[in-house]
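Since this is a predicted model, take the numbers as computed values, not measurements. Counting convention: from 1, in listed order, for ligands and their atoms alike. Below, each value reflects all heavy atoms present in this structure, side chains not excepted, and no hydrogens, waters or symmetry copies.
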Amino acid sequence: MSIFIIKLYFTRVFCYTSLMKITVVGTGYVGVVTAAVFAKLGNQVWGLDVDERKISALKLGQIPFFEPGLAELVKGQLKKGKLKFTTDYSCVVSSEVVFICVGTPPKKNGDYDLTFIYQSAKQVAMRIKKYTLVVIKSTVPPTTGKKVEEIIKAETQLPFDVASCPEFLREGSAVWDSFHPARIVIGTESKKAKELLAKLHQPIKATRVFCDVVSAQLTKYAANAFLATKISFINSIAFLCDKIGADIQKVSEGLGLDPRIGRSFLQAGLGYGGSCFPKDTWALISFAKRQNYDFAFLQQVDQINKSQIDYFVQKVERLLAGNVRGKTISILGLSFKPETDDIREARSLPIIAKLLQKGAKIQVTDPKAINNAKKVLTKVKFFQSPYEALKGSEALLLITDWDHYAKLDFSKIKKLMKRPIVIDGRNFLPAQKLKKLGFTYEGIGTR
Ligand SMILES: NC(=O)c1ccc[n+]([C@@H]2O[C@H](COP(=O)([O-])OP(=O)(O)OC[C@H]3O[C@@H](n4cnc5c(N)ncnc54)[C@H](O)[C@@H]3O)[C@@H](O)[C@H]2O)c1
């Protein structure tokens, strides 16, 4: 009898804490991961997108981008019937919680574009049939919560709340990050919304930060701006290292071992790219301007990041006797970081553009990002194999630190290349080994 009661208790607790009907709007990197993770935790989840091709692929368990572990997770939940995909907003009708995970891309001038947020909020609002909690997971300026609330209010008399749960996952380890986040930030002023979100996240172990919507949204911008700052800071120190012959690897180590500073994001290199850091620093600068605050400090962080490209290209020119015209140069790595096929704001793109402009012939390779790169790069030769990409080349440029690039057969590469020059944009390749083999090696701020 007592076992029965205990069983019943746990069944009830589980049902009460986990089983919710959820819609996740936007099935990009954040949306698919969010949908699959909440399905895995026992909820009934709809993944919704306006992109029919994406949804058709997802229905078959095909992920439209590369993210380790995600395909297995999605397929498992599709099979269990916990996760479904659709282009039809009517799934909102039965959902208690709707996560908005649509893109918030930058405009050409760096300002933020919230069109997709407002469009999706309106579509959601039109389907609300009972109390619904709308949670903004996309990275948005802190005043967006209010605007979304107004959009929903204009469409429905029914009760609803707007909350914010900013996403901190990293592409390349998104699934792990979602199950093991460093913290969960829950922004809402509503008691009911707070309870719902606390219950929904209950199975995930992490410190919770409960706050209001604007603070939650500002936390996300502040986090990315701070990480970007660390990167630009260490790149400035690396610049000085190059000037005076100091070694940035040692400086970073000595710096990062101070627990007040920490070791992460102190790797000098080509600077930050990707769909978040550049966009979010620009957005915070724009947002601050709207509040009549000139965020000059962050503008400088962005400027240093931009100038890192020119600094690298100058290195390439110097090592190629001052001129790259007519010379074949090989690019190892196109994605903005390893373990992803995402090339948004990837450092490879402006570097290649500048070298092409200066008359270089470019051969590129990447284990995952070639298909995406083919959509934007036209005047380069693509190779799946790094060895093929290095044939007849006068310089190897390491742009993305994919693990296996450090383990390549460099004796073989030396024979394949026309001139053994390596310029390592991530201070990642085995420098001493390369020098011993007779390569001219240069990193960023290294000896
Ligand atoms: N990618 C990351 O690593 C990451 C990490 C944390 C936060 N974020 C933030 O999360 C948000 C989403 O990022 P992402 O990388 O997943 O974007 P993404 O571009 O990969 O995906 C966005 C999806 O939204 C869909 N969409 C657009 N308008 C829609 C609408 N009206 N209704 C339904 N779907 C719609 C698009 O078709 C697309 O599939 C952004 O604000 C981003 O800054 C991203």
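- At least one N or O atom of V30, backbone or side chain, sits closer than 3.5 Å to an N or O atom of ligand 1.
- Under the rule for a ring-ring contact (aromatic ring centres under 6.0 Å, His included), the partners of Y29 that lie at least two apart in sequence or sit in another chain are F65.
- Of all the heavy atoms of C101, the ones lying under 4.0 Å from any atom of ligand 1 belong exclusively to the backbone.
- Looking at R290 and D111, a side-chain N of the basic residue comes within less than 4.0 Å of a carboxylate O on the acidic one, giving a salt bridge.
- Electrostatic pairing of R170 and D177 counts as a salt bridge here, judged by a charged N lying under 4.0 Å from a carboxylate O.
- F116 and G103 get closest at one heavy-atom pair: CD1-O, 3.4 Å.
- Ligand 1 has at least one atom lying under 4.0 Å from a heavy atom of Y89.
- For the atom pair CG (D310) and CD (E317), the distance works out to 9.5 Å, reported to the nearest 0.5 Å.
- Looking at ligand 1, you won't find any N or O of D51 less than 3.5 Å from one of its N or O atoms.
- With sequence neighbours excluded, the residues that form a salt bridge (Lys or Arg N to Asp or Glu O under 4.0 Å) with R344 are E171, D342.
- Scanning the protein for heavy atoms near atom 21 (O) of ligand 1, the closest one is G28 CA, 3.2 Å.
- No N or O atom of K137 sits closer than 3.5 Å to an N or O atom of ligand 1.
- Under a 4.0 Å heavy-atom criterion, Q123 is not in contact with ligand 1.
- Ligand 1 has no N or O atom lying under 3.5 Å from any N or O atom of R170, backbone or side chain.
- A side-chain contact (heavy atoms from CB on, under 4.5 Å) with L270 holds for exactly one of N235, N305, I351, L398; it is I351.
- Near K220, with a cut-off below 4.0 Å to any heavy atom, the atoms of ligand 1 are 6 (C).
- Contacts with ligand 1 closer than 4.0 Å are made by heavy atoms of both the backbone and the side chain of L169.
- At least one N or O atom of D49 sits closer than 3.5 Å to an N or O atom of ligand 1.
- Contact annotation: for S138 versus ligand 1, heavy atoms closer than 4.0 Å belong to both the backbone and the side chain.
- Taking the centre of each ring, F265 and F226 stay at or above the 6.0 Å mark.
- K279 and E345 are not joined by a salt bridge, as no carboxylate oxygen comes within less than 4.0 angstrom of a charged side-chain nitrogen.
- On a distance-only criterion, T104 and ligand 1 share at least one N/O pair closer than 3.5 Å.
- Residue-ligand proximity, K279 to ligand 1, at heavy-atom distances under 4.0 Å covers atoms 41 (O), 42 (C), 43 (O).
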